[in-house]
Amino acid sequence: MVKTRVRFAPSPTGHLHIGNARTALFNYLFAKKTGGTFILRIEDTDRERSKKEFEDEIVNDLRWLGLDWEEGPDKGGPFTPYRQSERQDIYDHMISQLMADGKAYRCFCTEDELEKARLQQVANHEPPRYNGKCRNMVPLISRSYEVQGKPHTIRFRVEVGVVEVEDLVKGMVTFDCDKIGDFVIRRSDGTAAFMFANIVDDALMRVTHVIRGDDHLSNTPRQILISEALRFIPPQFAHLPLIMGADRAPLSKRHGDVSLKSFREKGYLNEAVINYLAHLGLSYGEGKDILSIDELIEGFALEKVSGSPAVFDMDRLNWINSHYIRNCEPKKLRGLLLLHLVKAGVNLAGKSVEWIEDAIDAVKGEASTLSELVEHLKVFIDEVKPDDEALAILKESGAFEVIKAFREEFEKERPITAERYKSVSERVKARLSVKGKALFMPLRVALTGRTKGPEMEKVLALLGRDEVLKRLI
Ligand code: GLU
């Protein structure tokens with residue numbers, strides 16, 4: 001059996017978004033499941049739009065997700081280099097071979113000419129494709145134009161026929177070559193077109209399975225034609241369904257910031273994001289909502305990937321994230337929270353590590369992101385700032401009497417323990433003849449500025465006697 005080899009091939013032209021991250025994850029899971037190799041290849045042939053900052057950020061995001069690769073620009077491997085901008089001579093060589101075989105030709109059409117021809121086709125209700133003007137140019141003329149330095153692209157010659165692709169997710173897809181038209185494989189600046197470099201590298205890097213977003217499905221017939229012309233064995237293809245927003249439109253900036261960076265910054269845990277992404281378009285079975293990475297690998301199969309679009313559901317991601325936060329050790333959470341605390345300007349001076357971890361432990365059940373967790377922690381660190389619901393409680397009649405009575409009773413206790421709190425509340429209850437919400441809400445609101453939060457015993461323990469008395473004024 002041939003060992004499986006898959007690759008994640010991002011173009012560093014922007015942030016890694018949820019869709020790309022899901023593609024990377026599925027490649028990773030497939031590689032691990034089949035005992036294969038996961039490759040990272042940077043597709044930076046578009047010189048204008050590719051940026052090293054984006055490449056670095058993508059690499060960081062993948063590392064943060066924990067999707068480690070065996071071969072890549074930083075790791076090397078048997079098919080180095082793994083950055084396309086360093087492979088131009090390989091593409092040039094392949095293009096010369098196609099030219100020599102008569103399978104590609106120079107095209108001297110200008111942008112204007114192409115645009116005019118395209119508009120004409122649209123007016124005639126024909127599929128827009130290259131009209132073939134330079135296809136049969138006499139080689140000598142073509143060569144002399146080149147020698148004169150006339151700007152040109154190189155096009156692949158598409159012959160009549162059909163291309164059939166047995167896609168591992170979509171099933172059999174058939175493309176009519178007549179609709180494709182001769183396409184550009186080398187741009188006028190001399191760089192290889194994305195689609196060309198992509199399939200050449202897949203072949204040379206011995207990629208066995210191309211798992212990618214289905215926005216690339218329409219490139220596949222072109223890539224199969226290139227493969228055949230270069231006598232490569234094409235990889236197997238698996239096109240993952242699109243991810244859509246709740247409004248059923250393809251997920252994009254319109255749905256808010258869907259970059260992985262923004263999720264990281266908001267405080268989603270990598271395990272939660274992995275778990276969430278793994279379920280986008282694939283079902284692991286009834287009740288298998290939260291799975292470890294090993295279980296995800298075990299349960300992964302391309303045959304299980306649904307052909308229909310997956311819907312990005314923020315509530316579900318929040319639910320998964322809150323699960324991971326709730327089940328995370330306070331010590332680990334403290335480490336993860338550090339950056340978020342600094343960013344939020346929270347001053348932890350004078351707080352011991354134990355205190356911080358106790359506080360995290362007390363509030364972790366209430367947050368669905370780390371930045372929310374910071375907000376909950378601030379309640380015990382910053383001055384009390386009552387929210388709207390808390391203000392409404394404070395405005396209720398009798399609330400201040402309750403707070404005052406609690407203060408007077410707490411003053412008699414030193415220290416304030418959980419048992420003493422029981423007796424204090426009994427006394428306030430007897431003194432004012434109030435009970436339930438009317439008794440406990442004013443106290444909670446005065447101490448935390450919130451109507452919800454950890455048990456009162458934990459609130460008291462975290463604040464300590466002095467701070468409790470200070471807040472009950
Ligand atoms: N560079 C392409 C992209 O970022 C990858 C296409 C592929 O995976 O084949 O969309």
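Whatever order the structure lists them in is the order used to number ligands and atoms, beginning at 1.
- Contact analysis puts Phe194 in contact with ligand 1, with a non-hydrogen atom separation below 4.0 angstrom.
- Aromatic ring orientation, Tyr276 versus Phe312: perpendicular (interplanar angle above 60°, classes split at 30° and 60°).
- For the residues Pro10, Ala9, Gly213, the heavy atom positioned nearest atom 5 (C) of ligand 1 is part of Ala9.
- Close approach to Glu43 involves these atoms of ligand 1, each under 4.0 Å from a residue heavy atom: 1 (N), 2 (C), 5 (C).
- Of the candidates His216, Arg7, Gln84, it is His216 that places a heavy atom closest to atom 3 (C) of ligand 1.
- For His216 and Phe194, the ring centers are positioned less than 6.0 Å apart.
- Heavy-atom contacts of Asn198 reach the following atoms of ligand 1: 6 (C), 7 (C), 9 (O) (cutoff under 4.0 Å).
- When each of Asp201, Asp202, Thr37 is paired with Arg7, the side chain to side chain donor-acceptor pair (under 3.5 Å) condition holds for Asp202 and for no other.
- Taking the ring centre of Phe26 as origin, the terminal cationic atom of Arg22 falls inside the region bounded by 6.0 Å and 45° from the ring axis.
- Using a 4.0 Å cut-off between charged nitrogen and carboxylate oxygen, Arg187 and Asp46 do not count as a salt-bridge pair.
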